[in-house]
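Sequence positions, counted from 1, serve as the residue numbers for this chain.
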Amino acid sequence: MQIKQILAEALVGEEITVKGWVRTKRVQPNVIFININDGSVIHNIQAVAEPGVIDEDTLKLITTGSCVAITGTLIESKGSGQRVEVQVKTAQVYGTADPEKYPLQPKKHSLEFLREIAHLRPRTNTFSAILRIRHSLAYAIHKYFNDNGFFYLHTPIITGSDAEGAGEMFRVSTLDPKNPPLNEDGSINYKEDFFGKETNLTVSGQLEGELGAMALSKIYTFGPTFRAENSNTARHLAEFWMIEPEVAFYELEDNMRLAEDFTKYVINYALENCADDLAFLENRLKDEEKTKKADERSELALIEKLRFVVDNEYVKLTYTEAIQILLSSKRHKEGKFQYPVQWGIDLQSEHERYLVEKHFKKPVILTNYPKDIKAFYMKLDEDGKTVRAMDVLFPGIGEIIGGSQREDNYEKLLQRTKDVGIHEDTIWWYLETRQFGTAPHSGFGIGFERLVMFVTGMTNIRDVIPFPRTPKSAEF
């Protein structure tokens, strides 16, 4: 029986067996206390043994980090901090943990240290809470789309196209790196490679997702994506997960409604189903905030920040209107923005957060961005200068969703691929959908780790994925 079930049902008087990992052990003259956690819930369960019940040899092996099975009677706790505890009858040690070597002793460890032992950090309260919330969010995402008539589409991980046109992709090849076949001009002959062409790990499932939407009407992807971006910031990973719905017959306004409904649903799901883990992380964040300067502290507690999103209607305005607000702001006039504000810039996080946290005090959806700072597949507005793009902005992080109505006109899309330097022969199939039964369609992408960061309050993306992949780091 898992600890979560034991604590929820509190079947006092029944004999139970608890299996898990020892967090602490205290030996007193008349009693022995053993705190055990099995990962099913943030709370430990306390096992209480009278002297002699556990033989000395076994007791010596029960140390922090060891794995045990405790059988006994569930009784009402005589101490504070827990409702019930286990009166021990027998104890078995599955696996020992040498106290001189086991790195997770009962003390505070830095997040930097825990990243070095990612194989063990899920046993800490912080990371077990994050992983449980990560699971709940993933489940909520699938449930939301399933319940709203979407089909889950598995798009390729290996691809011959670059959806974003950024070129920062990991190459997939079976060619001998020391002696690859060459063309006459000295370039590598990828026709001799496994797939007969140059291929990479995908940066997005969107293009293939659009193909699905043009047949099934409503699809979503949820899978791993990869960026070979040499960045070591707290917001970048080389391997991460993306959620990308695509919907036929949706225009920009429909896309905005979907994004708002979707984000509110999954965040509310976490609030309703991860209360204990969120409360723990909120208290952890409050302790962390105390070490910061007053002007660096968050104005909202974690759960308050989540309710900020769930309880408010999102403000919708154009990029041009947002630029005017920023230019008129006291912060701009006093020169307090680190990055300059002018029409045509790619808004920085400080600009996005100002709009959300200071000006509107609500989540914001910005639309109709300049075409030159957006991807080639976004539908051109009639002015020819902007596209039917949309970004959803949240407190604390700025952009959490990027999306658009897709260009459904063949000639316009073909011209955009030429403008940005994409060879049409690499995405001929994508272009061809605009020739055979084209239709208005829209979609967006949300980085799963970015969502988990927002919900958990963690500030480094390396701490919301079990085994982070970053430049010069592919451990575990």
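Note on Arg235 versus Glu449: no salt bridge recorded, every NZ/NE/NH1/NH2 to OD/OE distance being 4.0 Å or above. Between Arg284 and Asp287 no salt bridge is recorded (no basic side-chain N to carboxylate O distance below 4.0 Å). Taking 4.0 Å as the cut-off between side-chain N and carboxylate O, Arg121 and Glu116 do not count as a salt-bridged pair. Contact check on Glu260 versus Lys264 returns a salt bridge, with a Lys/Arg side-chain nitrogen under 4.0 Å from an Asp/Glu carboxylate oxygen. At a threshold of 4.0 Å, the pair Lys19-Asp38 does not count as salt-bridged, since none of the basic side-chain nitrogens sits closer than that to a carboxylate oxygen. Salt-bridge check for Arg171 with Glu198: passed, with a basic side-chain N closer than 4.0 Å to an acidic carboxylate O. A salt bridge does not link Arg353 to Glu399: none of the charged nitrogens lies less than 4.0 Å from a carboxylate oxygen. The pair Asp311-Lys362 does not count as a salt bridge, with every side-chain nitrogen at least 4.0 angstrom from each carboxylate oxygen.
Between Glu168 and Val203, the closest side-chain pair of non-hydrogen atoms is not below 4.5 Å. At a threshold of 4.5 Å between non-hydrogen side-chain atoms, the residues Val310 and Tyr265 do not count as touching. You'll find the side chain of Phe262 stays beyond 4.5 Å of the side chain of Asn148, heavy atoms only. Side-chain contact between Gln206 and Arg406: present, with at least one pair of heavy atoms (C-beta onward) separated by less than 4.5 Å. Using a 4.5 Å heavy-atom cutoff, the side chains of Phe194 and Leu175 are not in contact. For the pair Glu246 and Phe150, the minimum side-chain heavy-atom distance is 4.5 Å or more. Side-chain contact between Leu258 and Phe444: present, with at least one pair of heavy atoms (C-beta onward) separated by less than 4.5 Å. Within the 4.5 Å cutoff, no side-chain heavy atoms of Phe360 are placed close to those of Val356.
Listed here is the closest heavy atom pair of Ala10 and Leu74: C-CD2, 3.8 Å. Taking each heavy atom of Gly160 and Thr426 in turn, the nearest pair found is O-CB, 4.2 Å. In terms of heavy-atom proximity, Gly209 sits nearest to Thr155 at N-CG2, 3.9 Å. Contact detail for Gln82 and Ser77: the closest heavy-atom pair is NE2-OG, 2.8 Å. Listed here is the closest heavy atom pair of Leu347 and Glu352: O-OE2, 3.8 Å. Considering all non-hydrogen atoms of both residues, Thr63 and Ala97 come closest at OG1-O, 2.8 Å.
Residues forming a ring pair (Phe, Tyr, Trp, His ring centres under 6.0 Å) with His142 (at least two apart in sequence, or on another chain): Tyr152, Tyr220, Phe222. Partners of His236 by ring pair (Phe, Tyr, Trp, His ring centres under 6.0 Å), not counting sequence neighbours: none found.
Between Phe476 and Phe467, the ring planes are tilted. Angles from 30° to 60° get that label.
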Inset, instruction - Could you give me the CA-CA distance, side-chain angles and deciding distance for Arg462 and Glu112, then say whether salt bridge (charged side-chain N to carboxylate O under 4.0 Å, His left out) is met? - result: CA-CA 10 Å; Arg462 294 171 176 85; Glu112 291 79 7; over 6 Å; no

Inset, instruction - Give the intermediate values and the outcome of side chain to side chain donor-acceptor pair (under 3.5 Å) for residues Asp391 and Tyr369. - result: CA-CA 9 Å; Asp391 285 352; Tyr369 282 75; 3.1 Å; yes

Legend entry - From CA spacing to verdict: side-chain contact (heavy atoms from CB on, under 4.5 Å), Thr126, Met458: CA-CA 10 Å; Thr126 296; Met458 302 303 290; 4.3 Å; yes

Legend entry - Candidate pair Asp98 and Tyr102, rule side-chain contact (heavy atoms from CB on, under 4.5 Å), full reasoning: CA-CA 6 Å; Asp98 186 344; Tyr102 184 61; 6.0 Å; no

Legend entry - His359/Tyr354 under side-chain contact (heavy atoms from CB on, under 4.5 Å): CA gap, chis, key distance, verdict: CA-CA 6 Å; His359 187 80; Tyr354 175 83; 4.1 Å; yes

Inset, instruction - Evaluate side chain to side chain donor-acceptor pair (under 3.5 Å) for Arg132 paired with Ser128, printing each intermediate quantity in order. - result: CA-CA 6 Å; Arg132 282 188 294 270; Ser128 65; 3.3 Å; yes

Inset, instruction - Begin with the C-alpha distance, continue with both residues' side-chain angles, and end with the deciding distance and a verdict on side-chain contact (heavy atoms from CB on, under 4.5 Å) for Val266 and Asn268. - result: CA-CA 5 Å; Val266 296; Asn268 191 60; over 6 Å; no

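At distances below 3.5 Å, at least one donor-acceptor pair connects side-chain atoms of Lys305 with backbone N or O atoms of Phe454. One N or O on the side chain of Asn37 and one on the backbone of Val41 form a donor-acceptor pair closer than 3.5 Å. Although no hydrogens or angles enter the test, the distance criterion places no donor-acceptor pair under 3.5 Å between the side chain of Thr470 and the main chain of Asn232. The backbone N or O of Ala389 sits nowhere less than 3.5 Å from a side-chain atom of Lys374 that would complete a donor-acceptor pair. Listed for the Asn283 side chain is a donor-acceptor partner under 3.5 Å among the backbone atoms of Ala279. The backbone N or O of Gly443 lies less than 3.5 Å from a partner atom in the side chain of Asn255, making a donor-acceptor pair. With hydrogens and angles disregarded, a donor-acceptor distance shorter than 3.5 Å links the side chain of Thr225 to the backbone of Phe240. The backbone N or O of Val452 lies less than 3.5 Å from a partner atom in the side chain of Thr456, making a donor-acceptor pair. With hydrogens and angles disregarded, no donor-acceptor distance shorter than 3.5 Å links the side chain of Asp261 to the backbone of Arg257. Between the side chain of Thr64 and the main chain of Arg23, a donor-acceptor pair closer than 3.5 Å is present.
Within the model, atoms CD1 of Ile42 and CZ of Phe280 stand 5.0 Å from one another, a figure rounded to the nearest 0.5 Å. Separation of atoms OH (Tyr314) and NZ (Lys316) is listed at 9.0 Å; rounding is to 0.5 Å. Here the straight-line distance linking atom CD1 of Ile422 with atom OH of Tyr430 works out to 9.5 Å at 0.5 Å rounding. Ile446 CD1 to Ile401 CD1: the interatomic distance, rounded to the nearest 0.5 Å, is 4.0 Å. Of the inter-residue distances, the one linking Asn35 atom CG with Asn44 atom CG reads 5.0 Å to the nearest 0.5 angstrom.
Heavy atoms from other residues, nucleotides or ligands lying under 6.0 Å from NZ of Lys4 number 12 at most. For Glu50, the CD atom is loosely surrounded, since the number of other residues' heavy atoms within 6.0 Å does not exceed 12. Atom CD of Gln28 has more than 12 heavy atoms from other residues, nucleotides or ligands within 6.0 Å.
The side chain to side chain contact (heavy atoms under 4.5 Å, CB included) test with Val172 is passed by exactly one of Ile158, Thr159, Asp193: Ile158.
Under a cutoff of 6.0 Å and an axis angle of 45°, Lys197 and Tyr190 do not form a cation-pi pair. A cation-pi arrangement, defined by a distance under 6.0 Å to the six-membered ring centre and an angle within 45 degrees of its axis, is absent between Lys218 and Phe151.
Pairs engaging residues 77-95 under the salt bridge (Lys or Arg N to Asp or Glu O under 4.0 Å) rule: Glu15-Lys89 [sequence neighbours left out].
For an aromatic pair to be called close, the ring centres must be under 6.0 Å apart, and His351 with Phe337 satisfies this.
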